[in-house]
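Data block below; observations after.
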Amino acid sequence: MKGKIVLITGADSGIGKETARNLAKMGASLVLVCRDRGKGESAKEEIARASNRTSTELLLADLLSQNEVKRVVAEFKAVHARLDVLVNNAGASFMDYAETEDGIERTMAINYFTPFLLTNLLVDTLKNSVPSRVVNVSSTEHHDAHFDINNINKDSRMGTLGSEAYRRSKLAVILFTYELARRLQETGVTTNCLHPGAVRTNIWSHSGALTPLFRFMSLFMQSPEKGAQTSVYLASSPEVERVSGKYFDKKVPKRSSETSYDEALAKRLWELSERMTGLVTANPAARGS
Ligand SMILES: NC(=O)c1ccc[n+]([C@@H]2O[C@H](COP(=O)([O-])OP(=O)(O)OC[C@H]3O[C@@H](n4cnc5c(N)ncnc54)[C@H](OP(=O)(O)O)[C@@H]3O)[C@@H](O)[C@H]2O)c1
């Protein structure tokens, strides 16, 4: 990974921080995108200490805001002409329904629309840096998603365990990954997604009334270091340099849900997402309700 530039979102905590630390140890130059300056600076110092590298950079953005995503891309491009690996890792699961300033339910926004927008805004840079890679963090929870393309902002109130919106968002990530792989065929940019396993991280601390239960359950989950292994593998291993459009679990390609292979659905989702992120002119009548 020496000389490679890796941009990773949500790099100040959990799986993202461990992914960044491991890639820095391999010699990559890291660009950490974090929301909180204090947490970002301390992650940057930790990563630099662990890897003996001073080339780690920090960019700040609240990725729930599409304007912030656009700003952070502009800041990155002002300094870097190339990008070897983009790791879309930042994620959250909100238990209450609220919309972002862009009018999108928050779990869908951070887990799906942000990676969609960020990747599209960086795809020219990735194409200029081939062979390059996109790594999207999904979840096995996508298997239980009920996906309604006509109602993408549907209420995210609690399902039986965790939120419906979380499952939908992680299915959307896989539909996006497969569609992106089709669109980037023969370009030298690969794109894969993964389930990191059940990992003891801060994501379990925002589960409303169920937080104490999830915190207790997380004691039996794997460490963030283990949880980062598949992200690190997809970002760096020569074994997957030419592999694209796959879903991985424990560094092995696995079959994702039947719905995730629906190409017509993926195309519709892509077109809707282009409008909802302003990549193409929005037609208000076509927005998710
Ligand atoms: N842990 C698991 O068992 C598990 C299982 C399946 C999938 N995943 C996925 O793994 C990924 C990493 O999560 P994690 O488990 O490592 O949880 P985590 O420790 O909570 O890390 C999530 C990261 O995303 C960042 N983030 C959240 N909202 C953001 C926003 N609006 N703007 C900028 N950054 C934001 C967080 O920043 P702050 O520190 O500022 O909050 C944090 O750095 C997520 O995509 C998650 O869905 C996790």
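Just follow the structure's listing: the first ligand is 1, and inside any ligand the first atom is 1. Position 1 is the first residue of the sequence, and the numbers go up from there.
- Proximity of Lys254 to Thr140: side-chain heavy atoms (C-beta onward) are nowhere separated by under 4.5 Å.
- When all heavy atoms are compared, the tightest approach of Met221 to Val199 is SD-O, 3.7 Å.
- For the pair Glu99 and Arg106, the salt-bridge criterion is not met [side-chain N within less than 4.0 Å of a carboxylate O].
- Taking every heavy atom of Asn89 and a limit of under 4.0 angstrom, the matching atoms of ligand 1 come to 11 (C), 12 (C), 44 (C), 45 (O).
- Remark: distances from the non-hydrogen atoms of Ser138 to ligand 1 include one below 4.0 Å.
- The closest approach between a heavy atom of Ala61 and any atom of ligand 1 is below 4.0 Å.
- Side-chain contact between Leu23 and Val232 is present, with at least one heavy-atom pair separated by less than 4.5 Å.
- Less than 4.0 angstrom separates some heavy atom of Leu63 from each of these atoms of ligand 1: 30 (C), 31 (N), 32 (N), 33 (C).
- A distance of 13.0 Å separates CE in Met108 from OH in Tyr166, rounded to the nearest 0.5 Å.
- Taking only nitrogen or oxygen atoms, main chain and side chain alike, Gly10 reaches within less than 3.5 Å of ligand 1.
- Close contacts of ligand 1 with Gly91, meaning ligand atoms under 4.0 Å from a residue heavy atom, involve 22 (C), 24 (O), 27 (C), 44 (C), 45 (O).
- Taking CG of Leu171 as the start and CZ of Phe147 as the end, the distance is 5.5 Å to the nearest 0.5 Å.
- Here Lys39 has side-chain heavy atoms under 4.0 Å from ligand 1, and that is the only part of it that gets that close.
- Each of the following atoms of ligand 1 lies closer than 4.0 Å to a heavy atom of Lys170: 44 (C), 45 (O), 46 (C), 47 (O).
- Heavy-atom contacts from other residues, nucleotides or ligands closer than 6.0 Å to NZ of Lys267 number 12 or fewer.
- Listed by number with element, the atoms of ligand 1 under 4.0 angstrom from any heavy atom of Gly14 are 16 (O), 19 (O).
- Put simply, CG on Leu7 and CG on Leu32 are 8.5 Å apart, with the number rounded to the nearest 0.5 Å.
- Where the criterion is an N or O separation shorter than 3.5 Å, residue side chain and backbone included, Val199 meets it with respect to ligand 1.
- Summary of contacts: the protein heavy atom closest to atom 28 (N) of ligand 1 is Arg35 NH2, 3.4 Å.
- Residue Ala198 approaches ligand 1 through these ligand atoms, each under 4.0 Å from one of its heavy atoms: 3 (O).
- Taking a cutoff of 4.0 Å between a charged side-chain nitrogen and a carboxylate oxygen, Arg167 and Glu141 qualify as a salt bridge.
- Under a 4.0 angstrom heavy-atom cut-off, Lys17 registers as lying outside contact with ligand 1.
- In this structure, Leu180 and Trp270 have side chains that are in contact, with non-hydrogen atoms separated by less than 4.5 Å.
- When only interatomic distances are considered, the shortest N/O to N/O separation between Ala92 and ligand 1 does not fall below 3.5 Å.
- For Asn192 (side chain) and Gly245 (main-chain N/O), a donor-acceptor pair under 3.5 Å exists by modelled atom type.
- In this pair, Phe76 and His80 present their aromatic rings parallel. The plane angle is below 30°, not in the 30 to 60° band.
- Using 4.0 Å as the threshold, Gly197 has a heavy atom nearer than that to some atom of ligand 1.
- The distance from ligand 1 to the heavy atoms of Tyr166 drops below 4.0 Å at these ligand atoms: 6 (C), 7 (C), 8 (N), 9 (C), 46 (C), 47 (O).
- Residue Asn111 has no nitrogen or oxygen atom sitting less than 3.5 Å from a nitrogen or oxygen atom of ligand 1, judged on distance alone.
- Near Ser139, the atoms of ligand 1 lying under 4.0 angstrom from a non-hydrogen atom of the residue are 6 (C), 7 (C).
- Panel note: side chain Ser256, backbone Ser260; no donor-acceptor pair is recorded below 3.5 Å.
- Residue Arg71 qualifies as enclosed at atom CZ: its count of foreign heavy atoms under 6.0 Å is above 12.
- Around atom 14 (P) of ligand 1, the closest heavy atom drawn from Thr201, Asn202, Val72, Asp12 belongs to Thr201.
- Not one N or O of Gly16 is nearer than 3.5 Å to an N or O of ligand 1, by distance alone.
- Looking at atom 48 (C) of ligand 1, its nearest protein heavy atom turns out to be Ile15 CD1, 3.7 Å.
- Considering only non-hydrogen protein atoms, atom 18 (P) of ligand 1 sits nearest to Ser13 OG, 3.6 Å.
- Because its NZ or CZ atom is both nearer than 6.0 Å to the ring centre of Tyr261 and within 45° of the ring axis, Arg255 counts as a cation-pi partner of that residue.
- Looking at Ile110 against ligand 1, only its side chain comes within 4.0 Å, counting heavy atoms.
- The shortest contact between atom 31 (N) of ligand 1 and any protein heavy atom is with Asp62 OD1, 2.8 Å.
- Distances from atom 10 (O) of ligand 1 to the heavy atoms of Val137, Thr114, Ile203 show the closest one on Val137.
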